[in-house]
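Report on one structure; see the data block that follows.
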Amino acid sequence: MANQLFIICPFSGMESYLQNKYGKNIFFITYSGAIVQQQDFDYMLEVKYLIYREKIKRIYIVNDTSCRFINGIIKRNKTIGFPSQKVIEELYVEYYFSDFKDQSLFNQQQKLAEFNIKNQVDEIMNSTLFKDYIQEFSIEIKGLITSKEKRLFKEI
């Protein structure tokens, strides 16, 4: 399979877990839980160069159900104030009554991870740096919800 890039939250310990599922021919970059760092042009330029140099054909945006940002928001813990937490919190509030209210913790974790991933994909696809490049080279962007506890890999 062609090289794949997984964009994951730092300190998640997901690397070996993902390699066991997808093989050793994969690359990882980290991001702060919700916001792919598009405001940092130099960082994003390096990501684009990695995609070009390694001939990446598929990018996965990964969220695990054990993500501390997701769980902190669902459990209504005090947030530290990272921009990524604010984005996830806004998604939770916006869709609370339609998608989260009266749902089990695991269902809420999965749904919030899904909303977060879709938000990230939208950001990448609307990025002036990546949009045309991704389309020109037919790079596939997928979401991946994981749960190490339940051994779940759910592509979206």
Side-chain angles (χ1 to χ4, degrees), residues 1-74 77-95 99 108-148 152-156:
M1 162 144 269
N3 290 341
Q4 299 176 85
L5 174 66
F6 289 78
I7 301 176
I8 59 176
C9 186
F11 312 115
S12 65
M14 294 295 296
E15 292 84 354
S16 63
Y17 184 65
L18 292 168
Q19 283 180 326
N20 289 337
K21 173 77 173 170
Y22 291 93
K24 301 290 182 195
N25 197 26
I26 60 178
F27 297 88
F28 301 98
I29 61 171
T30 59
Y31 71 102
S32 64
I35 297 176
V36 176
Q37 302 166 2
Q38 295 201 33
Q39 66 276 11
D40 186 342
F41 183 77
D42 291 333
Y43 176 82
M44 294 311 292
L45 205 52
E46 287 297 320
V47 171
K48 185 175 179 180
Y49 179 67
L50 171 70
I51 293 167
Y52 167 77
R53 184 185 72 228
E54 299 300 333
K55 297 173 179 58
I56 301 294
K57 286 302 192 184
R58 183 176 296 147
I59 298 172
Y60 284 95
I61 308 294
V62 182
N63 255 173
D64 193 77
T65 57
S66 66
C67 171
R68 67 180 174 197
F69 292 159
I70 286 174
N71 284 296
I73 290 163
I74 292 171
N77 295 337
K78 183 168 174 56
T79 62
I80 298 172
F82 291 122
S84 54
Q85 289 174 310
K86 184 172 175 57
V87 170
I88 297 171
E89 187 172 38
E90 287 170 359
L91 290 168
Y92 188 72
V93 169
E94 181 178 350
Y95 295 102
D99 291 281
Q108 289 186 61
Q109 291 167 324
Q110 284 189 92
K111 196 62 165 176
L112 193 50
E114 180 181 335
F115 283 136
N116 186 38
I117 289 168
K118 287 179 178 179
N119 184 61
Q120 290 305 295
V121 170
D122 287 346
E123 279 194 29
I124 290 170
M125 291 308 296
N126 291 319
S127 158
T128 55
L129 189 61
F130 286 105
K131 182 180 180 177
D132 293 336
Y133 186 80
I134 287 170
Q135 291 173 348
E136 179 181 346
F137 291 98
S138 300
I139 298 170
E140 184 179 15
I141 299 182
K142 298 185 104 177
L144 181 63
I145 299 171
T146 60
S147 173
K148 288 191 281 187
L152 169 79
F153 290 90
K154 180 181 174 185
E155 290 188 13
I156 56 171

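Throughout, residue positions are numbered sequentially from 1 according to the sequence presented.
The distance from atom CD1 of I145 to atom CD1 of I156, rounded to the nearest 0.5 Å, is 4.5 Å. Atom CD1 of residue I51 and atom NZ of residue K57 lie 11.0 Å apart, to the nearest 0.5 angstrom. To the nearest 0.5 angstrom, I56 atom CD1 is 13.0 Å from E140 atom CD. Between I141 atom CD1 and I134 atom CD1 the span is 3.5 Å, to the nearest 0.5 Å. Summarising the geometry, atom CD belonging to E155 is positioned 10.5 Å from atom CD1 belonging to I117; distances are rounded to the nearest 0.5 Å. Atom CD1 in I61 sits 3.5 Å away from atom CD1 in I124 (nearest 0.5 Å).
Taking the salt bridge (charged side-chain N to carboxylate O under 4.0 Å, His left out) definition, one finds that K154 meets it with nothing, sequence neighbours left out.
Residue K48 places its NZ atom among more than 12 non-hydrogen atoms of other residues, nucleotides or ligands, all under 6.0 Å distant.
Side-chain contact between E54 and L5: absent, with no pair of heavy atoms (C-beta onward) separated by less than 4.5 Å. Proximity of V47 to L129: side-chain heavy atoms (C-beta onward) are nowhere separated by under 4.5 Å. Within the 4.5 Å cutoff, no side-chain heavy atoms of I139 are placed close to those of F130.
Of all the heavy atoms in K24 and Q19, the pair that sits closest is NZ-OE1, 4.0 Å.
A side-chain donor-acceptor contact under 3.5 Å links N71 to the backbone of T65. Checking side-chain atoms of Y17 against main-chain N and O of S147 turns up a donor-acceptor pair under 3.5 Å. Side-chain atoms of N3 do not come within 3.5 Å of backbone N or O of F27 as any donor-acceptor pair.
Between Y92 and F69, a ring centre-to-centre spacing not shorter than 6.0 Å is recorded.
Using cut-offs of 30° and 60° on the angle between ring planes, the pair F115 and Y95 is parallel. Note on ring orientation: taking the six-membered ring where Trp is involved, the planes of Y60 and F6 are parallel (angle under 30°, cut-offs 30° and 60°).
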Discussion item. I'd like to know whether Q110 forms a side chain to side chain contact (heavy atoms under 4.5 Å, CB included) with L152, so could you lay out the CA-CA distance, the side-chain angles of the two residues, the decisive distance to 0.1 Å, and finally the verdict.
Written reply: CA-CA 10 Å; Q110 284 189 92; L152 169 79; 3.7 Å; yes
